Amino acid sequence: MRGLNTFESFMAVINRASNDPRKADAIIATGDLVQDETRQGYERFRDAIGALNAPVHCIPGNHDSPRIMAETLSQPPFHFCGTHIYGGWRLIMLNSAVRWDDAGRLEATQLKILESALEKHPDAHILVGLHHHPLPTGSRWLDGLGLRNSDEFLDIIDRYPNMRGVAWGHVHQASETLRNGVLMLSTPSTGSQFLPDSDVFMMDSRPPAYRWIDLHSDGSIETEVVWLS
Ligand SMILES: [Fe+2]
């Protein structure tokens, strides 16, 4: 991909994460897992990330086959979309992918899953994962490819005080924004990155990365991006 062997950089991220003294309780993979949309690609992803011995929560991005992803990544320790409980937290993995569109949308069924969880479990802390960015990045080209109905999504999360965090991929850059008490996080790619604040498409020279997210029992979140420099 533009001069980078993304399988090798992905494996470098897996290697770095597996040598991290902190043991992950779960892995969130926010989509664009296999650009060529082959079954073999998803099997390679499954074999590689399975070595981390943790549940892996997957959602599709614009560069994915949701059908093949669901077929290959639905058996434990892999999970395709859906809601999952970790202590006092509920992780809600939403599908924002729209076939043949690089921008995203949360269909009514996805919004309903989110709102039901927020409504039915007021004592649970809620973390949402989705592929597309619900907040603008400040890059004009990229902001045309975000979550098209982010207003509906933000309207829901604004109404529930148990909403704690939202994490997404897609934008190939790191950001952390506290919005109405909710931590909004974008995570860099395991491949190459996009130059922040650029109005036109530009690659960044920053290395592959992953993000740690610590979910505390009081509902607070600590997080950091680990860059493979
Ligand atoms: Fe994407």
Side-chain angles (χ1 to χ4, degrees), residues 1-7 9-10 13-14 27-38 41-42 44-46 48-49 56-70 72-73 78-81 92-107 110-111 114 127-150 152-154 165-177 184-204 206-211 213 225 227:
M1 174 69 82
R2 299 185 179 89
L4 181 80
N5 183 318
T6 53
F7 184 69
S9 67
F10 171 66
V13 168
I14 297 294
I27 297 164
I28 296 174
T30 51
D32 288 355
L33 306 184
V34 177
Q35 168 92 33
D36 66 10
E37 303 188 12
T38 60
Y42 288 98
R44 289 179 95 185
F45 170 84
R46 187 179 64 193
I49 206 163
V56 183
H57 299 283
C58 304
I59 43 178
N62 46 307
H63 301 289
D64 273 306
S65 163
R67 180 180 62 82
I68 301 176
M69 183 188 274
T72 51
L73 301 175
F78 294 90
H79 305 275
F80 179 76
C81 302
I92 304 175
M93 299 294 283
L94 298 176
N95 183 352
S96 62
V98 179
R99 214 60 181 123
W100 318 124
D101 189 354
D102 284 333
R105 180 174 186 81
L106 288 169
E107 296 299 340
Q110 298 296 300
L111 293 171
L114 171 62
L127 176 70
V128 169
L130 79 168
H131 181 69
H132 295 84
H133 46 303
L135 297 181
T137 62
S139 287
R140 196 169 51 202
W141 75 274
L142 197 48
D143 288 339
L145 304 175
L147 185 68
R148 291 196 196 279
N149 60 337
S150 61
E152 288 182 83
F153 173 73
L154 296 172
V166 182
W168 61 89
H170 192 51
V171 299
H172 294 233
Q173 59 193 272
S175 68
E176 296 173 17
T177 306
M184 311 290 282
L185 304 169
S186 72
T187 296
S189 171
T190 59
S192 48
Q193 316 304 348
F194 299 160
L195 187 68
D197 301 317
S198 175
D199 272 347
V200 294
F201 174 83
M202 296 273 282
M203 302 302 291
D204 199 352
R206 300 208 75 173
Y210 63 98
R211 179 184 284 283
I213 304 177
V225 173
W227 299 92

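Source: prediction; values computed, not measured. Count residues from 1 along the sequence. Just so it is clear, the values below take in all heavy atoms, side chains as well, and ignore hydrogens, waters and symmetry mates. In each ligand, atom 1 is the first atom listed, and ligand 1 is the first ligand listed.
Listed by first then second residue, pairs satisfying salt bridge (Lys or Arg N to Asp or Glu O under 4.0 Å) with a partner in residues 61-70 read Arg67-Glu71, not counting sequence neighbours.
Under the 30°/60° scheme for interplanar angles, the aromatic rings of Trp141 and Phe201 are found to stand perpendicular.
Screening the protein for N, O or S atoms under 2.8 Å from the Fe ion (ligand 1) yields 4; no waters enter the count.
Note that CG of Asp101 and NE2 of His132 are 7.0 Å apart. Values are rounded to the nearest 0.5 Å.
A cation-pi geometry, defined here as NZ or CZ lying under 6.0 Å from the six-membered ring centre and within 45° of its normal, holds between Arg44 and Phe7.
You'll find the side chain of Cys81 reaches within 4.5 Å of the side chain of Pro60, heavy atoms only.
Glu107 has no carboxylate O lying under 4.0 Å from a charged side-chain N of Arg99, or vice versa, which leaves the two without a salt bridge.
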